[in-house]
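The structure under discussion appears below in the form of structure tokens.
Chain naming here is simple, since letters A, B, ... match the order of the sequence lines and numbering starts at 1 in each.
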Protein chains: 2
Amino acid sequence: MSVGIRHDDLRRRNRAMVISAVRRDGQPSRTEIAATTGLSHSTISAISSDLIGECVLMEARGETTSLKRGRPQVALALNPDAAVVAAVVLSLNFLSAAIIDYTGHVVAEEHRRLDTQHMGREDLIQQCIDIVGQGLDRLQLSGRRVLRIALAVQGITDAQARILLWTPITPHTDIPFADLLEARFGIPVIVENDCNMMAEALRWRNPERYREDFIAILLSHGIGMGMILKGELFTGTHSSGGEFGHMIHKPDGARCRCGRRGCVEAYAGNYAIWRNAHGLAESSEPAANIVDDDMQALAALAREGDGPEREAYRTAGEALGFGLGSLFALIDPAPVAVVGIGAAAFDLIEPSLRAAIARTAGGQHSGSISFDTEPDERPLIREGCAMRALTFVDQEIFAPGSQPQESSRQAAAI
Amino acid sequence: MSVGIRHDDLRRRNRAMVISAVRRDGQPSRTEIAATTGLSHSTISAISSDLIGECVLMEARGETTSLKRGRPQVALALNPDAAVVAAVVLSLNFLSAAIIDYTGHVVAEEHRRLDTQHMGREDLIQQCIDIVGQGLDRLQLSGRRVLRIALAVQGITDAQARILLWTPITPHTDIPFADLLEARFGIPVIVENDCNMMAEALRWRNPERYREDFIAILLSHGIGMGMILKGELFTGTHSSGGEFGHMIHKPDGARCRCGRRGCVEAYAGNYAIWRNAHGLAESSEPAANIVDDDMQALAALAREGDGPEREAYRTAGEALGFGLGSLFALIDPAPVAVVGIGAAAFDLIEPSLRAAIARTAGGQHSGSISFDTEPDERPLIREGCAMRALTFVDQEIFAPGSQPQESSRQAAAI
DNA sequence: CTCTTTTTTTCGAGCCTCAAAAAAAATCAT
DNA sequence: ATGATTTTTTTTGAGGCTCGAAAAAAAGAG
């Protein structure tokens with residue numbers, strides 16, 4: 001039941017558009033913004049003048065040796081001090097938090113190793129609260145206030161990005177992180193799936209390649225996916241969705257970490273490759289964790305010669321290929337980014353993956369499907385998390401109707 | 001690169017909102033529209049007064065015995081003569097066209113049996129042009145003009161809804177129906193996948209059940225799917241997408257009509273059930289067509305006792321269940337409508353389907369997943385097609401900025 | 001120093017939405 | 001019947017927003 005457009009929405013949306021144009025295009029001039037948004041020069045002038053007055057934007061008077069004649073364009077830039085956000089990443093045995101300024105630069109950072117699989121529920125929650133608190137404390141000194149906290153976590157969140165419903169990193173379920181952190185710090189919080197944040201980050205890193213439609217697949221202990229379709233992050237109807245790793249590859253097949261059988265992950269996750277490479281039964285219990293070095297060693301063995309190791313990677317590629325084929329049957333092929341330790345062994349996976357895709361509906365253009373690899377997922381997740389938090393701030397600074405100046409003036413006053 | 005909101009967009013969008021509110025809610029009063037859209041009474045009053053002046057809407061002065069005190073609400077209704085559209089449905093060996101008035105009522109209808117599988121490309125195109133021409137001719141007499149043609153067809157279209165890329169009903173591919181029909185009739189044309197139109201129709205028929213997220217599955221000779229996610233028709237990045245029937249059930253499994261192996265359809269399409277029921281090899285060639293009566297007879301046999309027929313339906317259910325499980329892994333569970341002749345045998349399919357789903361990631365809430373059945377797909381497809389054409393008209397009557405009155409006045413003048 | 005070019009700001013006109021007031025159209029009570 | 005009451009719809013005036021045109025600003029070119 002869509003709602004009518006109120007008169008004041010107009011300004012709000014166009015303000016958002018100007019801010020996002022500045023965030024996206026680096027340092028555009030007013031004229032460039034007018035061109036990309038299709039709004040008139042007068043409108044852009046008025047809006048950017050407001051935003052500068054509110055200390056959201058600033059004129060970047062860099063000494064641009066303009067080769068052109070005429071009045072030189074003045075570049076607009078985000079004001080780094082307009083806001084600060086916190087990006088928290090929780091993954092297997094690892095917790096990190098970063099404080100990010102409005103331009104996306106890291107102000108402070110903190111890492112901790114945890115035994116997430118065996119920690120108590122309260123302990124895990126407390127650790128997250130602590131690490132955020134520590135970041136905030138350090139900021140307190142500089143006088144800036146955090147306006148938004150984004151928590152990226154391996155696992156399934158609800159569609160409202162408030163609750164961690166399920167995660168492989170701890171047996172505890174339904175942890176309402178958003179409520180817990182909001183109660184503690186009084187700052188709006190969102191909880192997002194890590195792979196969704198990877199996709200978000202890829203779009204910022206390489207908008208040429210990752211624009212309207214693409215897929216980011218995490219090959220790690222488990223298999224995760226983040227997907228952007230028609231320019232929007234794809235989520236499930238109730239949860240963060242996109243559980244590519246738990247699509248069924250072979251009905252009643254190998255045992256998956258999730259307790260079911262035949263999932264793609266049960267053939268292509270680290271533990272599955274490990275299990276197959278060591279000749280263990282497909283029904284045997286998945287290993288709890290395998291360190292990256294061991295996986296690297298496995299890949300090295302597979303590269304040395306044909307044997308069970310190479311076969312394990314071949315099997316993984318096949319599972320991924322058929323899974324992608326099924327996915328492409330639904331959404332059509334799109335560029336794929338392969339992220340995580342598995343990307344370091346993508347040379348071993350790719351041949352059987354492509355062969356499998358070619359045997360599916362998505363394989364009609366299998367030659368044109370392109371894969372990019374990025375072995376380290378952590379920076380991606382943190383970047384995506386930060387950008388997610390920042391774009392939320394972008395849309396909150398020009399506030400819900402009533403006092404758009406108030407909230408931003410507070411930020412500006414700092 | 002989203003574009004700013006111009007000042008004149010505002011009116012245009014709010015007009016669209018009012019029209020869609022009237023189409024959706026039957027005969028709402030101005031007050032009700034103000035409530036559902038969130039716009040003020042004055043705005044609704046102004047817009048509806050315009051629309052009535054342009055003969056798009058009309059006041060429905062039905063003798064409503066208002067029980068309430070106060071000035072009675074006057075219901076607004078669509079003006080049936082505001083526009084007329086054509087809904088054309090092309091399926092296996094069957095072509096139909098209907099002329100629909102602005103309220104969605106059928107004005108004229110025409111059916112033809114064709115041998116689509118063996119017709120020449122030009123012949124097939126000519127038949128479609130003919131049947132539309134015939135409908136238009138008949139209308140010419142009544143003086144009304146068709147403003148939009150929508151063609152629903154089994155198969156894959158491009159994302160722009162202009163070209164039939166591939167279809168099982170004829171070996172010919174890449175037929176640019178939209179261009180062909182537009183060239184002939186000078187009326188805007190869209191070409192849509194039949195299952196997408198089924199989904200569209202279900203939303204109009206039963207908005208209570210089919211609202212934001214649901215799936216319509218066609219069980220027929222092949223397997224088709226239309227899906228609405230977050231209130232929007234889900235399409236692929238390049239094509240109409242949603243080729244559920246060609247998700248992989250068993251890698252390198254049974255032979256599918258599409259030439260590949262192991263697709264869901266190769267286990268659950270009519271030809272697959274037939275093949276399994278008759279003990280034919282999974283690698284044997286799919287039958288070209290099986291009449292509904294034969295399928296009904298097969299279902300009757302299956303109901304009589306345990307045998308190869310019942311087993312064939314069991315296998316079909318299992319393929320559908322694992323397929324839905326994989327789908328639900330991506331999008332989370334949602335209500336499902338089972339449409340087509342297969343829905344008449346859903347009692348035979350459901351047990352194994354549910355058992356399979358329960359063994360997948362989507363099966364977490366398998367008990368709460370609900371299925372509706374509707375054995376006759378044709379009326380649904382026609383309805384969806386009509387509504388699709390009409391909603392396009394809804395959004396074209398308040399035109400692209402310049403002369404919104406012109407086009408609608410033409411319609412009104414008729 | 002003046003002319004040209006390009007960017008940015010200013011200004012007035014034209015719409016649009018909104019809130020409040022007024023008008024309209026019915027029922028209820030006497 | 002008639003006036004009071006209630007509810008819906010229209011009218012009116014104010015305030016905002018965007019736009020195009022004109023003016024101002026800020027450079028290089030000659």
* Who passes side-chain hydrogen bond (donor to acceptor under 3.5 Å, both in side chains) against B/R148, sequence neighbours left out? ->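 If we apply the side-chain hydrogen bond (donor to acceptor under 3.5 Å, both in side chains) test to B/R148, skipping adjacent residues, the hits are B/E396.
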For [X] and [N], give me the distance from atom [atom1] to atom [atom2], rounded to whole Å.
X	N	atom1	atom2	value
B/R15	C/dC16	CZ	C1'	13 Å
A/L76	C/dT8	CG	C1'	11 Å
A/D9	C/dC15	CG	P	22 Å
A/R30	C/dT6	CZ	C1'	14 Å

Nearest heavy-atom approach of A/G384 to A/E200 is O-CG, 4.0 Å
- [ ] Taking only Lys NZ, Arg NE, NH1 and NH2, and the carboxylate oxygens of Asp or Glu, determine whether B/K230 and B/D213 approach each other closer than 4.0 Å.
- [x] no
Salt bridge between A/E54 and A/R15, side-chain N to carboxylate O under 4.0 Å?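 Yes, A/E54 and A/R15 are salt-bridged.
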Close N/O contacts between protein and nucleotides 28-30 of chain C (under 3.5 Å):
{"from": "C/dC28", "atom 1": "O4'", "to": "B/R69", "atom 2": "NH1", "distance (Å)": "2.7"}

| request: Kindly indicate, with the supporting measurements, whether the criterion salt bridge (Lys or Arg N to Asp or Glu O under 4.0 Å) is fulfilled by B/R30 and B/E59. | output: CA-CA 10 Å; B/R30 292 169 175 81; B/E59 292 190 340; 2.7 Å; yes
Report each atom pair, protein N/O against N/O of nucleotides 17-21 of chain D, whose distance is under 3.5 angstrom.
{"from": "D/dT18", "atom 1": "OP1", "to": "A/N14", "atom 2": "ND2", "distance (Å)": "2.7"}
{"from": "D/dT18", "atom 1": "OP2", "to": "A/R11", "atom 2": "NE", "distance (Å)": "3.0"}
{"from": "D/dT18", "atom 1": "OP2", "to": "A/R11", "atom 2": "NH2", "distance (Å)": "3.3"}
{"from": "D/dC19", "atom 1": "OP1", "to": "B/R6", "atom 2": "NE", "distance (Å)": "2.7"}
{"from": "D/dC19", "atom 1": "OP2", "to": "A/S40", "atom 2": "N", "distance (Å)": "2.8"}
{"from": "D/dC19", "atom 1": "OP2", "to": "A/S40", "atom 2": "OG", "distance (Å)": "2.8"}
{"from": "D/dC19", "atom 1": "OP2", "to": "A/T43", "atom 2": "OG1", "distance (Å)": "2.7"}
{"from": "D/dG20", "atom 1": "N7", "to": "A/S42", "atom 2": "OG", "distance (Å)": "3.3"}
{"from": "D/dG20", "atom 1": "O6", "to": "A/S42", "atom 2": "OG", "distance (Å)": "2.9"}

- [ ] May I ask you to establish whether A/R144 and A/Y102 are in a cation-pi arrangement, using a distance under 6.0 Å from NZ or CZ to the six-membered ring centre and at most 45° from the ring axis?
- [x] no
Value rounded to 0.5 Å, distance of CD in A/E32 from OG in A/S29 =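 Going from CD on A/E32 over to OG on A/S29, the span is 4.0 Å.
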Separation between OG (B/S49) and CD1 (B/I44), nearest 0.5 Å, reads 12.0 Å
By nearest atom, which of the nucleotides C/dT9, C/dT7, D/dA27 is closest to the A/P72 side chain?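 Side chain of A/P72 sits closest to D/dA27.
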Can you tell me if B/R71 touches the phosphate of D/dT5, counting only side-chain N or O atoms and a distance under 4.0 Å to OP1 or OP2?
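Result: no.
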